[in-house]
Protein chains: 2
Amino acid sequence: MNTQQTIRLAVIDDDSGFVTVLSKRTEMAGWQQRALSSAIPPEELVAMKLNALLLDLTVLGEDAWGYLERICATLPDLGVIVCTGQSTVAQRVRGLRLGVDDWIAKPCHPEEVMARIEAVSRRRRRSRGEIEAGPVVVGELEIRADQFQAFVGDGSLDLTRREFELLQLLADSKGQVLEREAIYQRVWGYAMAHGDRSVDVFIRKLRQKLEKRSSRWRYIHTHFGVGYRFDPEPPGGGIAPELAEEASSSMESQADSQVVHSSFTAG
Amino acid sequence: MNTQQTIRLAVIDDDSGFVTVLSKRTEMAGWQQRALSSAIPPEELVAMKLNALLLDLTVLGEDAWGYLERICATLPDLGVIVCTGQSTVAQRVRGLRLGVDDWIAKPCHPEEVMARIEAVSRRRRRSRGEIEAGPVVVGELEIRADQFQAFVGDGSLDLTRREFELLQLLADSKGQVLEREAIYQRVWGYAMAHGDRSVDVFIRKLRQKLEKRSSRWRYIHTHFGVGYRFDPEPPGGGIAPELAEEASSSMESQADSQVVHSSFTAG
DNA sequence: GGCCTGCGTTCACAGGATTTTCACGGCTCA
DNA sequence: TGAGCCGTGAAAATCCTGTGAACGCAGGCC
């Protein structure tokens, strides 16, 4: 089950011997490694699309904890591994609670460091779902990821990049309620800032382009206080609004909630 | 967001001193811990619905590696942490590559062990796109934490956020009597003000949406002067005690029918 | 370079949905 | 039987979402 994965790794460490030895091994393993001599803003790390970040606390200097915290908050999907020569239990606990994934004591063997990076990165396999397959069809909607285009019934939708990625995510998670934070995380690639309304705005744009008439939204449903759910109503959907409420439960049981929950058994 | 996560942990270790100390801390943190003296089949672990498994390799004896491999294959969503007194780099690398998430050297500080378990669970959860656990099924009720949705028999319940979180807590504590303070603490995330009736109001809302009208409530039972208990079975003495114990999962039986009060660490 | 255009982001506000509070009456238990 | 507790309906307060519009930025064009 352990398919070889290509890992994009950045190392922040001034111990050039260690970095050199490690980079040789990672290169042999086919990883992409980037050596950084000092801390760089989390925003720049976002652009690097890393799987993992290995850093020596001593390089960070004064604001090491603050930096760690910003990193973990901004890039919750990034595997963060700290290595230090000396550290106390309290420090390690603090770091791990802050969001660090692993904490290694130096001196350490490159092979073990790599194994730990792999362990931490294993999760990436599934999280950023590989979405290359054939066209996705949901109701009257058809999404062609390869062509970067979506079609609804008669014509093609003219979607911008973000709109398309959002739609793709929604359609890919048909039937599931997605939290705003999760949407933002997966479409934008980093954590949502407090008070950010971008998701809402893009949902509106999508709705405008996607849905015909608007007594009730047809594809994108709001879950108050939570997020949004993408689900096409049963075809032929001429339910009168006042009847809809009565009918909804039985309706949904048939069409709506065939939502497969493959959740636990990933087998 | 909500409070810290409740972790369901099993420990396979014969070092009773270590296990005892750890269990005290985990209990204080509100985790559910189960101590096992020897390896048990992966299938039985599945039933425990664990977040994490902490094990000492030496307890496993001969077939330690085979057992580890089976565990990791059968329960890909379980966080596995190995702790050993002595180990070589090769052993650690082998374990980590096999699917083990973290490898800790003994002696180790309980607090750090817990922090590492948290880190591993956090990561596991993220990898599934914030999926907490598989669908929880209680009687005719099914709760999908990942989707913020609950289904009862024929259709899906339309629950608000608080309602859902309350239901989730209740179902997760099936059979236990929960004090109002404890409920409030764990759903709202902070202490309940004197005279606050919010819990009662939300219990009513849940009952309205959950239960068919009948003389007695079917799922949520009131314990006068104490709180509420969630149980699809008839209250008190519907089934014989020994059967009841058999029926509930082994993890839950230990806490079964005992009052849980608000001994939660604030913050 | 300067201008135009399209895109993504941010802001403010109104309308609604949800949550909290309150009052009253029925219920439980000593 | 009485005091305290719980269920309930509804008002009040709070919070969330939909929406229009403005802003800043980058790329294309003259």
Side-chain angles (χ1 to χ4, degrees), chain A residues 43 46-47 148 157-167 169-170 177-181 183-184 186-211 213-230 241 245, chain B residues 1-2 148 157-167 169-170 177-181 183-185 187-211 213-230 235-236 259:
Chain A
E43 294 73 35
V46 171
F148 223 73
L157 295 173
D158 189 22
L159 300 179
T160 71
R161 180 190 159 80
R162 283 257 193 268
E163 287 165 2
F164 184 81
E165 285 175 349
L166 175 58
L167 177 60
L169 170 64
L170 289 170
V177 178
L178 296 171
E179 283 187 283
R180 277 186 181 69
E181 325 257 329
I183 293 175
Y184 196 93
R186 292 173 67 177
V187 172
W188 274 255
Y190 51 97
M192 189 173 90
H194 181 70
D196 194 310
R197 299 286 307 278
S198 300
V199 172
D200 303 63
V201 175
F202 274 88
I203 289 286
R204 168 165 58 101
K205 290 180 177 176
L206 263 189
R207 277 173 169 162
Q208 283 172 346
K209 293 185 177 180
L210 205 60
E211 325 240 353
R213 59 199 176 283
S214 55
S215 61
R216 263 279 172 267
W217 297 121
R218 186 173 164 197
Y219 286 106
I220 304 176
H221 310 280
T222 305
H223 276 234
F224 203 95
V226 184
Y228 299 94
R229 176 176 54 89
F230 185 87
E245 186 149 349
Chain B
M1 270 294 138
N2 210 0
F148 280 97
L157 296 173
D158 189 23
L159 300 179
T160 70
R161 190 181 191 105
R162 282 249 195 276
E163 288 165 3
F164 184 82
E165 285 174 349
L166 175 57
L167 176 60
L169 170 64
L170 289 171
V177 178
L178 297 170
E179 281 189 290
R180 279 184 181 67
E181 280 79 13
I183 293 174
Y184 197 93
Q185 174 72 59
V187 172
W188 274 256
Y190 51 96
M192 190 173 88
H194 180 71
D196 194 309
R197 299 287 307 278
S198 299
V199 172
D200 303 65
V201 174
F202 274 89
I203 290 285
R204 167 166 57 103
K205 289 181 176 176
L206 263 189
R207 277 173 169 163
Q208 283 173 345
K209 294 185 176 180
L210 202 59
E211 326 237 354
R213 39 190 74 196
S214 66
S215 56
R216 282 260 168 261
W217 297 120
R218 185 172 164 199
Y219 287 105
I220 304 176
H221 312 284
T222 305
H223 278 235
F224 200 93
V226 185
Y228 299 94
R229 176 177 53 88
F230 185 87
V259 178

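The ring pair (Phe, Tyr, Trp, His ring centres under 6.0 Å) check on Y228(A) picks up nothing, with sequence neighbours excluded. Among residues two or more places apart in sequence or in another chain, the side-chain contact (heavy atoms from CB on, under 4.5 Å) test is passed with D158(B) by none. K209(B) meets the side chain to side chain donor-acceptor pair (under 3.5 Å) test with E163(B); sequence neighbours excluded. Scanning for side-chain contact (heavy atoms from CB on, under 4.5 Å) contacts around F148(A) gives R161(A), F164(A), with sequence neighbours left out. Evaluation of the salt bridge (charged side-chain N to carboxylate O under 4.0 Å, His left out) rule for R204(A) yields no partner, not counting sequence neighbours. Every residue was checked against the side chain to side chain donor-acceptor pair (under 3.5 Å) condition with R162(B), not counting sequence neighbours, and none meets it. A search for ring pair (Phe, Tyr, Trp, His ring centres under 6.0 Å) contacts involving Y184(B) returns W188(B), Y190(B), not counting sequence neighbours. With sequence neighbours excluded, the residues satisfying salt bridge (charged side-chain N to carboxylate O under 4.0 Å, His left out) with D200(A) are R180(A), R197(A).
Contact annotation: the side chain of E179(B) approaches that of V226(B) to within less than 4.5 Å [non-hydrogen atoms, C-beta and beyond]. Looking only at side-chain heavy atoms (C-beta outward), L206(A) and L170(A) come within less than 4.5 Å of each other.
A close approach under 4.0 Å does not occur between any side-chain nitrogen or oxygen of T160(A) and OP1 or OP2 of dG6(C). In this model, the phosphate group of dT9(C) is approached by a side-chain N or O of R162(A) to a distance below 4.0 Å at OP1 or OP2. Contact annotation: W188(B) does not reach the phosphate of dT19(C) (side-chain N/O to OP1 or OP2, under 4.0 Å). Listed pair Y228(A) / dG18(D) meets the phosphate criterion, a side-chain N or O lying under 4.0 Å from OP1 or OP2. When the side-chain nitrogen and oxygen atoms of T222(A) are compared with OP1 and OP2 of dG18(D), one or more of them lie within a distance under 4.0 Å.
Distance CZ (R161(B)) to C1' (dT14(D)): 16 Å, rounded to an integer number of Å. If you take CZ of F202(B) and P of dT18(C), they are 10 Å apart, rounded to a whole angstrom. One can place CE of M192(A) at 13 Å from C1' of dT17(D), the figure rounded to the nearest angstrom. Taking atom CD on E163(B) and atom P on dT18(C), their separation rounds to 8 Å, with Å as the unit. The CG-C1' distance, from D200(A) to dG8(C), rounds to 14 Å in whole Å. Whole-Å rounding puts the I203(A) CD1 to dC16(D) P distance at 17 Å. Following rounding to the nearest Å, L159(A) (CG) and dG8(C) (C1') show an atom-to-atom distance of 15 Å. The nearest whole Å value for the distance from the NZ atom in K209(B) to the P atom in dA17(C) is 13 Å.
For R180(B) and Q208(B), each mapped to the nucleotide of DNA chain D holding its nearest heavy atom, the one lying further toward the 5' end belongs to R180(B).
Between its two ends, the helix from dG1(C)-dC30(D) to dA30(C)-dT1(D) turns its axis by 30°, counting five pairs per end and rounding to 10 degrees.
Between the side chain of R207(A) and the backbone N or O of I220(A), at least one donor-acceptor pair lies under 3.5 Å.
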Which atoms of nucleotides 25-27 of chain D (N or O only) lie under 3.5 Å from a protein N or O atom, and what are those distances?
none

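Among L210(A), L169(A), I203(A), L166(A), the single residue meeting the side-chain contact (heavy atoms from CB on, under 4.5 Å) criterion with F230(A) is L210(A).
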Inset, instruction - Summarise how protein sits on nucleotides 22-30 of chain C as a single string, 5' to 3': B when a protein heavy atom is under 4.0 Å from the base, S for sugar-phosphate-only contact, - for no contact. - result: -B----B--

